[in-house]
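We count ligands from 1, going down the list as the structure has it; atoms in each ligand are counted the same way.
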Amino acid sequence: MDFKEGQYKVRDLALADEGRRLIDWAESRMPVMMALRAKYRETQPLKGYRIAGCLHVTKETAVLVRALRDAGAEVAWSGCNPLSTHDAVAAALADEGIKMYAWHGLNTEEFYWCIEQTLGINPNLTLDDGADLIFTVHNKFPDLVPGVIGGTEETTTGVHRLRAMAADGALRYPVIAVNDAETKWDFDNVYGTGQSTLDGIIRATSVMLAGKNFVVAGFGHCGKGVALRAKGMGANVIVTEVKPTAALKATLEGMRVMEMDEAAAQGDIFVTATGIKDVIVKRHFESMKDGAIVCNTGHYDCEINLGDLESLGGTKRTIRDNNEEYTMPDGRRLYVLAQGRLVNLAAAEGHPSEVMDMSFANQYMSQLRLAEMHKSGTPWENKVYDIPAEQDQEIAMVKLRTMGIGLDVLTPEQIEYMDDYSAGT
Ligand code: ADE
């Protein structure tokens with residue numbers, strides 16, 4: 001481990017060159033972020049701001065970190081999941097002066113130690129994926145709260161919890177819900193999760209998807225993305241849901257919807273994407289087929305109850321990276337990927353750069369917005385704020401332009417027609 005007090009702790013600084021090549025690759029696929037970085041390098045809107053970030057340390061995140069730094073911010077960073085840090089990327093960022101505390105495979109104590117190190121910069125802005133940093137500031141370091149202008153949150157689970165916190169009056173600074181931007185959830189959550197989850201399953205198993213009974217728990221944006229991509233690969237997709245409208249949407253997409261109690265005995269591959277705990281529990285493991293593969297793509301590792309699986313007895317061995325075989329006392333073998341943690345980041349590289357380009361443009365612009373709010377001298381309330389609709393359209397427009405896609409423009413007559421309520425047929 002390479003450790004420099006107050007500066008970094010990463011697996012191996014010698015990996016920096018490999019990390020730089022990976023970041024170069026991501027930069028070549030993130031034109032919106034690169035345009036924003038170039039635009040704000042001149043004006044330095046984040047000068048004087050200290051950002052603590054807690055978000056998966058990937059090559060795409062490195063592009064965001066560099067853009068924040070180049071806009072003038074001092075940046076300290078930790079990963080938001082014990083298995084998602086790419087050690088080479090962490091080394092590259094540490095090597096270029098980012099205060100980086102992250103390595104792959106850290107334990108829970110180390111995970112929080114890393115977060116706490118980033119608070120050493122006395123942040124006035126926070127950036128989260130899953131809200132662990134905000135919770136740490138609120139619960140363990142409340143003295144820091146008055147100095148924090150605001151924060152941003154990347155993911156559905158984090159936003160959900162922060163809204164609950166705000167409703168209870170417990171949120172002590174404003175937070176922007178980056179997840180709820182259309183150019184985030186409608187792309188990252190759907191197409192990003194869809195592709196990267198299948199990528200993780202394939203890397204950990206090399207299994208054929210065509211013809212398999214592929215059970216997706218949850219048909220929210222992430223589950224929908226996984227289900228659609230699995231269907232596209234020729235799997236027979238089964239969806240389990242608790243929400244009637246979501247179940248109906250899955251049905252009309254041609255998927256079979258049933259209770260997990262029934263799906264458990266049919267599935268060859270299971271993916272949880274609900275954000276809720278105990279989706280797969282003891283009785284489900286008891287009825288699964290020999291050879292069933294189980295994994296999770298939700299933020300926390302609570303969806304598959306591995307304690308229940310262990311309690312069934314039997315033996316366990318590692319087949320390959322991110323693939324553990326549990327042999328039950330009755331001889332059935334069940335396979336758990338990435339220890340029930342997000343399979344797309346633990347067993348693969350997370351979402352592709354192209355889609356993170358839009359998600360991180362929203363993160364970046366939200367951090368700028370918080371700094372602007374601060375400079376204006378009019379503080380916001382301690383609640384969860386949405387992304388402005390214009391920001392979504394701006395990001396989508398730039399993205400389309402970089403893809404060489406043009407749009408029609410409404411004529412004045414068409415605009416008038418849309419607003420006209422004087423005539424019908
Ligand atoms: N979340 C999902 N994919 C990601 C990626 N590639 N980088 C950072 N966060 C992510």
Side-chain angles (χ1 to χ4, degrees), residues 19 22-30 32-34 51 53-68 75 77-90 92-93 98 100 102-104 114 127-133 152-159 177-181 183-201 203 220-226 229 271-273 275 295-301 322 338 341-364 366-367:
L22 292 169
I23 302 168
D24 283 351
W25 171 260
E27 284 184 352
S28 75
R29 264 127 234 285
M30 298 177 76
V32 180
M33 280 307 297
M34 295 310 279
I51 301 174
C54 178
L55 191 148
H56 307 291
V57 180
T58 65
K59 57 193 185 306
E60 291 76 24
T61 300
V63 177
L64 170 65
V65 169
R66 283 180 172 177
L68 294 167
V75 183
W77 213 266
S78 66
C80 67
N81 183 288
L83 296 185
S84 65
T85 292
H86 204 304
D87 285 324
V89 172
L93 290 176
I98 301 298
M100 175 59 63
W103 60 95
H104 183 93
C114 287
L127 189 157
D128 258 283
D129 184 335
D132 278 318
L133 174 60
T152 53
E153 167 55 48
E154 173 82 5
T155 199
T156 316
T157 302
V159 168
V178 171
N179 179 72
D180 295 0
T183 43
K184 200 278 180 182
W185 62 259
D186 220 3
F187 299 89
D188 169 316
N189 299 20
V190 181
Y191 308 106
T193 309
Q195 179 167 326
S196 61
T197 301
L198 296 199
D199 188 8
I201 294 170
R203 288 195 205 195
H221 302 124
C222 296
K224 178 175 129 188
V226 175
R229 288 297 176 261
V271 181
T272 53
C295 66
N296 164 56
T297 200
H299 186 79
Y300 288 112
D301 61 338
N322 296 303
R341 295 196 183 273
L342 328 122
V343 71
N344 60 335
L345 278 139
E349 293 172 57
H351 304 350
S353 309
E354 289 85 343
V355 82
M356 294 313 292
D357 194 21
M358 291 195 287
S359 308
F360 286 162
N362 278 300
Q363 273 289 0
Y364 184 78
S366 299
Q367 290 282 325

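- Tyr191 contributes no side-chain N or O that, together with a main-chain N or O of His351, makes up a donor-acceptor pair within less than 3.5 Å.
- Side chain of Glu354 to backbone of Met356: no donor-acceptor contact under 3.5 angstrom is found.
- Met356 CE, 3.6 Å is the protein heavy atom nearest to atom 10 (C) of ligand 1.
- Using a 4.0 Å cut-off to heavy atoms of Thr61, the atoms of ligand 1 that qualify are 7 (N), 8 (C).
- Distance check: Asp199 CG to Leu345 CG gives 10.5 Å after rounding to the nearest 0.5 Å.
- For the pair His351 and ligand 1, the shortest N or O to N or O distance falls below 3.5 Å.
- Taking only nitrogen or oxygen atoms, main chain and side chain alike, Thr58 reaches within less than 3.5 Å of ligand 1.
- Of all atoms in ligand 1, numbered sequentially from 1 with element shown, those under 4.0 Å from a heavy atom of Phe360 are 8 (C).
- Residue contacts with ligand 1 for Thr193 are absent, since no atom lies close enough (heavy atoms, distance under 4.0 Å).
- Thr297 and Thr197 share a side-chain donor-acceptor pair at under 3.5 Å.
- Under a 3.5 Å cut-off, the side chain of Asp357 and the backbone N or O of Val32 do form a donor-acceptor pair.
- Counting atoms of ligand 1 from 1 in the listed order, those under 4.0 Å from a heavy atom of Glu349 are 6 (N).
- In this structure, the side chains of Asn81 and His56 come closer than 4.5 Å at one or more pairs of heavy atoms.
- With ligand atoms numbered from 1 in the order given, ligand 1 contributes 3 (N), 6 (N) to contacts under 4.0 Å with heavy atoms of Gly350.
- Residue Glu154 does not touch ligand 1, judged by heavy-atom distances below 4.0 Å.
- Between Met358 atom CE and Lys184 atom NZ the span is 11.0 Å, to the nearest 0.5 Å.
- Of the N or O atoms in Glu60, one or more lie within a sub-3.5 Å distance of an N or O in ligand 1.
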